[in-house]
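Input: a single structure, listed below in structure tokens.
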Amino acid sequence: MNHIFHEHTTGFTTEPPHLYGRWRRDPLLRVTTGLRKTWFPFWAALERLHPLPADDGLLTLEIVGREVVAQDENVIALTFAATDRSVLPEWHPGAHLDLNLPSGRMRSYSLCGDPGDRRTYRIAVRRIPGGGGGSIEVHDTLSVGDTVTIRGPRNAFPVALPGFGSAAPRLRFIAAGIGITPILPMLAMADRFGVEWSMIYSGRSADSIPFIDELARYRDKVTVRTDDVDGLPSMDELVGPTTRRPHGETDLAIYCCGPVVMLEALRTHLVGRGDIELHYERFSPPPIVNGTEFEVVLNSTGERLTVPADQSVLTAIRAVRPDAPYSCQQGFCGACKMHSTAGEVDHRDGLLTEPEREAGYFLPCVSRCHSPELSVDA
Ligand code: FES
């Protein structure tokens, strides 16, 4: 089941009632439904020969490569191609795709291949035993030759290069562990355009760091440091040398992907440094800011759940509905989208459109409630 796109599916199984209520079934629809049933085998055969373009960015791709990319074997890279090996939609560094897993889970993964290669996409997935099961499913069930459905690519972490849209004269990339994935194509682009850049890459140990071999070509532009040998990096080490310029001009643009704790420390460290841009992507939920406690009512059963000030609606719902869909937990993938029927949603995402919000939709991974109670269709 594709739980994300169900509202877009058009299940032509029965005719709707007549629009004006005069007929139990609309006569025109009965005729067209009859014709469709008659011609269905023909159209199905035609569609197999000439597949229609994917609806709403949905693509069916084949896994054409699977390789272990960290020495501890906990990170694998999967390469996808169109089943007919045709050109794939374009993407830019920082983009991710939404992968629909056989179980119905959806997970978002950064693209970490070469944007110049228009026939394949590559992602990398770390096995997380205590997570929500998505990474385990990828590791244990996806093999070369399997087909998967994806949506995207979409970009929530775009990069601008010096001289090509960025006011900064140089770039600093900071990656921790699997946070290397959106950064890898950024490095390739920065290198290709000849802009000034450097990178620090940290991780628990050399064994746990993915893509170490691919970084070798950048030589001393990349500093690798591991906690077991070097200890935790200081914020000054992460940011690297900076220069306060005479009129406060931008000195540096940082692109960072890593755990929340590192990003929060970095944000705090850079307070007052208006000359340093910080662009980042987390791979875990952001901390809840200004949260207050409220209640959620599940319309299907009438259950009442308390959402504490420091917990998301999604977390509260997943405690009683473990199958509730989710992926990014940061309000950008849309996998967790829900419908509310009462209460005043405090929207905290950047994804939903105003008409969607007005229709009652919200993202429970980040959004909260202004009123004491929120009723949701769950
Ligand atoms: S899980 Fe991605 S938007 Fe909520």
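Along the sequence shown, residues carry numbers from 1. Atoms within a ligand are numbered from 1 in the order they appear, just like the ligands themselves.
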Check: Is the number of heavy atoms from other residues, nucleotides or ligands within 6.0 Å of CG (N290) greater than 12?
Finding: no
Margin query: Check the orientation of Y218 and W197. Use parallel for under 30°, tilted for 30 to 60°, and perpendicular for over 60°.
Written below: perpendicular
Next item on the list: Could you label the plane-to-plane angle of the F173 and Y255 rings as parallel, tilted or perpendicular, counting under 30° as parallel and over 60° as perpendicular?
Entry: tilted
Margin query: Tell me whether R119 forms a cation-pi arrangement with F80, defined as NZ or CZ under 6.0 Å from the six-membered ring centre and within 45 degrees of its axis.
Written below: no
Check: Would you say H92's side chain and V159's backbone share a donor-acceptor pair under 3.5 angstrom?
Finding: no
Notebook entry, point to check: With a cut-off of 2.8 Å, which protein N/O/S atoms are close to atom 2 (Fe) of ligand 1, if we only count those under it?
Noted result: C328 SG, C333 SG
Checklist line | Pair listing, salt bridge (Lys or Arg N to Asp or Glu O under 4.0 Å) test, anchored in residues 169-186, at least two apart | finding: R170-D251
